Amino acid sequence: MADVKRFTHDSRIPGWDRAADLDKEPAVVPDAATTEVPAELRAAIEDAVRRFPVGDSAFIPVLYAVQEQYGWCSPEGIIQAAAVLGRTPAALTAVATFYDMFEMEPLGRKTVYVCTNISCSLCGADELLEALEGEFGEDPDVNVRGFECLGACDIAPMASVNGAYVGPIALNEVPELARQIREGEDPLPAKQMIRRPCADPKVAEK
Amino acid sequence: MTDTLLFEHIDEPGLNTIDVYMARGGYTQLPIALKMKREDLITELTGSGLRGRGGAGFPMGRKASFIPKGDMQKYVVCNADESEPGTFKDRELIQKNPHQLIEGLIIAAFAIDATINYIYIRGEYDQQADILDAAIAEARERGMLGENIFGSGFDVQLELARGAGAYICGEETGLLDSLEGKRGNPRLKPPFPANEGLFNGPTLINNVETLSAIPSIIKLGAEGYAAIGVKDSAGTKLVSISGNVQRPGNYEVALGTSSRELIYGLAGGPPDGRKVKCWFPGGSSTVVLTADDLDVGYDYDSLEAAGSALGSGAIIVVDETQSVVELAYKLAKFYSHESCGKCTPCREGTRWTFHMVERIKEGTATPMDLDIMAAVQDQIIGHCLCVLGDAMAMPIGSLIAKFRDEFEAEIETNRNAREAQLAAQFSAAEGITV
Ligand SMILES: Cc1cc2nc3c(=O)[nH]c(=O)nc-3n(C[C@H](O)[C@H](O)[C@H](O)COP(=O)(O)O)c2cc1C
Ligand code: SF4
Ligand code: FES
């Protein structure tokens with residue numbers, strides 16, 4: 001199973017076992033007047049704040065906007081968002097590091113999440129992940145990673161390709177799928193979750 | 001047919017749009033509910049016997065009755081985080097029939113007088129979230145949401161919030177923190193969300209399937225709904241069946257249907273005539289059951305009597321060719337990755353368990369390690385802030401208890417393999433042939 005390495009401690013708690021650095025300067029809110037923010041990013045942040053006005057509740061949509069703009073939660077983007085929100089960059093980073101879908105390093109913009117949890121691995125998910133990793137190697141445009149249960153165990157083994165669920169994926173379909181991902185085509189259209197009928201026979205009878 | 005409520009018309013093209021939903025009788029129960037007195041509506045929900053479908057199985061109406069009355073801002077939060085391994089029922093409901101959920105949610109909101117409401121959907125459900133977003137916009141346009149709906153004087157808002165990949169945000173208080181824009185760490189209870197939830201206001205949290213069942217309850221009446229299923233397990237349940245079965249998928253059945261019927265009758269059992277080794281009845285967080293338990297009724301009480309739980313209503317079937325060590329490995333890896341780290345027994349216990357299973361796989365473990373592993377599980381159970389720790393300890397503890405001989409055999413095999421490999425390396429390095 002591919003590791004989703006977040007921190008040295010391989011958990012969600014960065015630095016919990018290290019003492020605070022008391023010599024460090026306290027974080028400050030970036031100056032909104034001098035921080036340049038791309039117009040689309042500013043618009044997306046303002047939209048998030050309009051929909052989630054209370055406290056910091058806009059943070060997650062704001063981080064999505066940063067990631068959309070830069071391909072990852074880059075320090076530059078975090079500072080810009082912090083300037084618009086009037087919060088410290090650390091407040092945003094602390095939230096971003098908790099969630100698996102926020103990338104804290106620059107990675108490929110095309111995402112391929114391969115579920116390697118129980119139901120999928122019972123149906124060959126580890127081999128699927130290996131095959132997809134083999135296809136893309138160090139391709140800087142594609143971020144292939146093992147993921148926990150994606151809520152699509154009925155199409156195991158499966159992958160989420162830029163948010164579109166595809167499965168069950170046979171190993172001999174991997175080269176075709178990889179080509180489609182590279183060329184930006186619809187991934188295995190006949191195998192997408194969105195088109196799958198309900199399994200319950202009572203539904204089909206009607 | 002009475003045991004198709006949630007899935008009625010589910011595969012009808014366009015059911016996700018408000019026109020088709022209304023042509024099929026949608027949004028007819030909402031105005032009926034809005035004419036009821038709030039107390040009567042809650043009595044109706046309680047009387048239906050509907051229990052939470054998200055994991056804990058708490059009676060829905062009773063939870064609604066705990067919400068204090070008064071002028072403070074109250075909230076309904078729908079839990080659409082669905083990340084329990086093996087579970088994918090909410091996904092099908094949201095994708096194909098989002099308005100049923102919205103209608104149920106508005107009725108629940110009216111019952112507790114919550115004017116601001118949220119659906120929290122896991123970030124990975126991107127396509128489903130788009131569908132739901134569009135449905136909410138339609139509902140707003142048609143006056144199902146907004147001010148003074150159906151002339152009832154009730155103002156209601158609904159907003160969709162997307163998570164960003166964290167299992168723990170399915171735990172209700174972790175979800176609330178996440179919705180408030182924080183790291184999704186669970187909160188100490190009490191206070192329970194009913195008293196102090198989102199933004200410190202009284203909050204009713206329910207699963208997608210729970211809320212989606214409400215329109216059927218208004219339609220059938222509390223008694224009509226309670227007549228489906230068995231004692232203390234009223235109504236129909238969506239069961240997600242996956243793993244080693246021939247026809248994985250979601251099935252809607254009356255609670256109390258035999259598990260054998262579900263696994264073999266509906267899902268076709270394991271392929272190639274293989275036998276069932278074990279199965280998780282309610283997602284990966286529940287105690288595993290074996291082939292001997294296949295005749296247990298699929299309902300809250302029967303599964304509890306069998307030592308396990310209905311959980312999220314997700315059956316994962318494991319056939320006889322699979323390794324229990326591999327299962328334990330996947331479980332431990334998942335829970336240690338998802339532990340939020342707030343309490344020690346869970347943060348360290350999941351991590352230690354993972355490393356011990358790794359040792360079994362590497363061939364460096366001894367049978368004594370099994371006792372240590374079992375003891376770690378015992379020390380997690382009941383000692384954590386939320387039940388994520390228990391959610392690993394129960395299935396792993398039960399795997400060790402029920403399949404100890406298989407663990408021991410695998411420890412032995414892997415040890416021997418490793419020793420043989422080391423011996424070979426040694427003799428190669430020394431130039432000795434054995
Ligand atoms: C670790 C953990 C994860 C959970 N994940 C979910 C989930 O994904 N969806 C859900 O509805 N409930 C989940 N729950 C249960 C919720 O805490 C809560 O009981 C439920 O949403 C209440 O709704 P219900 O009464 O309608 O079931 C989870 C609980 C725990 C401890
Ligand atoms: S039991 Fe685990 S997940 Fe739950 S609060 Fe404690 S550390 Fe966090
Ligand atoms: S186990 Fe792979 S989607 Fe659930």
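In what follows, every chain begins at residue 1, and chains take the letters A, B, ... in the order their sequences are listed. A quick note: this is a predicted structure, and the numbers were derived from the prediction, not measured.
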Can Arg179(A) and Glu176(A) be counted as an ion pair, charged N to O under 4.0 angstrom?
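Yes, Arg179(A) and Glu176(A) are salt-bridged.
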Output yes when Lys89(B) and Glu209(B) qualify as a salt bridge under the 4.0 Å nitrogen-oxygen rule, no when they do not.
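Yes, Lys89(B) and Glu209(B) are salt-bridged.
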Select, from [options], the one with the greatest count of heavy-atom pairs under 4.5 Å involving chain A.
{"options": "Leu266(B), Ile131(B), Ile316(B)", "result": "Ile316(B)"}
{"options": "Arg247(B), Glu82(B), Glu180(B)", "result": "Glu180(B)"}
{"options": "Ser240(B), Pro248(B), Ala267(B)", "result": "Pro248(B)"}
{"options": "Ser178(B), Gly184(B), Ala161(B)", "result": "Gly184(B)"}
{"options": "Arg162(B), Glu92(B), Gln128(B)", "result": "Glu92(B)"}

Kindly say whether [Y] contributes a backbone atom to a donor-acceptor pair with the side chain of [X] at under 3.5 angstrom?
{"X": "Asp139(A)", "Y": "Asp141(A)", "answer": "yes"}
{"X": "Gln67(A)", "Y": "Glu103(A)", "answer": "yes"}
{"X": "Lys277(B)", "Y": "Thr321(B)", "answer": "no"}
{"X": "Asn250(B)", "Y": "Phe88(B)", "answer": "yes"}
{"X": "Thr353(B)", "Y": "Arg351(B)", "answer": "no"}

Side chain, backbone, both or neither: which part of [X] has a heavy atom under 4.5 Å from chain A?
{"X": "Tyr251(B)", "value": "both"}
{"X": "Ile168(B)", "value": "side chain"}
{"X": "Val245(B)", "value": "neither"}
{"X": "Ala314(B)", "value": "neither"}
{"X": "Glu84(B)", "value": "backbone"}

Aromatic ring pairing Phe199(B)/Tyr75(B), orientation class (parallel under 30°, perpendicular over 60°, tilted between):
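Phe199(B) vs Tyr75(B) ring planes: perpendicular.
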Taking heavy atoms only and a threshold strictly under 4.5 Å, list by residue number the residues of residues 45-65 of chain A that touch chain B; give 'none' if the list is empty.
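Contacts with chain B: Arg51(A), Phe52(A), Val54(A), Asp56(A), Ser57(A), Phe59(A), Ile60(A), Tyr64(A).
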Strictly by modelled atom types, are His9(B) and Asn97(B) linked by a side-chain donor-acceptor pair under 3.5 Å?
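No, no side-chain donor-acceptor contact under 3.5 Å.
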Name all pairs fulfilling the side chain to side chain donor-acceptor pair (under 3.5 Å) condition that reach into residues 186-195 of chain A, sequence neighbours left out, sorted by first residue then second.
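Side chain to side chain donor-acceptor pair (under 3.5 Å) check on residues 186-195 of chain A returns Glu173(A)-Lys191(A), Asp186(A)-Gln192(A).
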Are Tyr335(B) and Phe354(B), when compared by the centres of their aromatic rings, separated by less than 6.0 Å?
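Between Tyr335(B) and Phe354(B), the centre distance exceeds or equals 6.0 Å.
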Measure Ala91(A) against the heavy atoms of chain B and call it side chain, backbone, both or neither at under 4.5 Å.
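Contact with chain B involves no heavy atom of Ala91(A) at all.
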Kindly confirm or rule out a cation-pi arrangement of Arg122(B) over Tyr125(B), judged by NZ or CZ under 6.0 Å from the six-membered ring centre and within 45° of its axis?
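Here Arg122(B) passes the 6.0 Å and 45° test against Tyr125(B).
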Largest heavy-atom contact set with chain B, pairs under 4.5 Å, which of Ile118(A), Leu92(A), Leu122(A), Thr111(A):
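Of the candidates given, the most pairs with chain B belong to Leu122(A).
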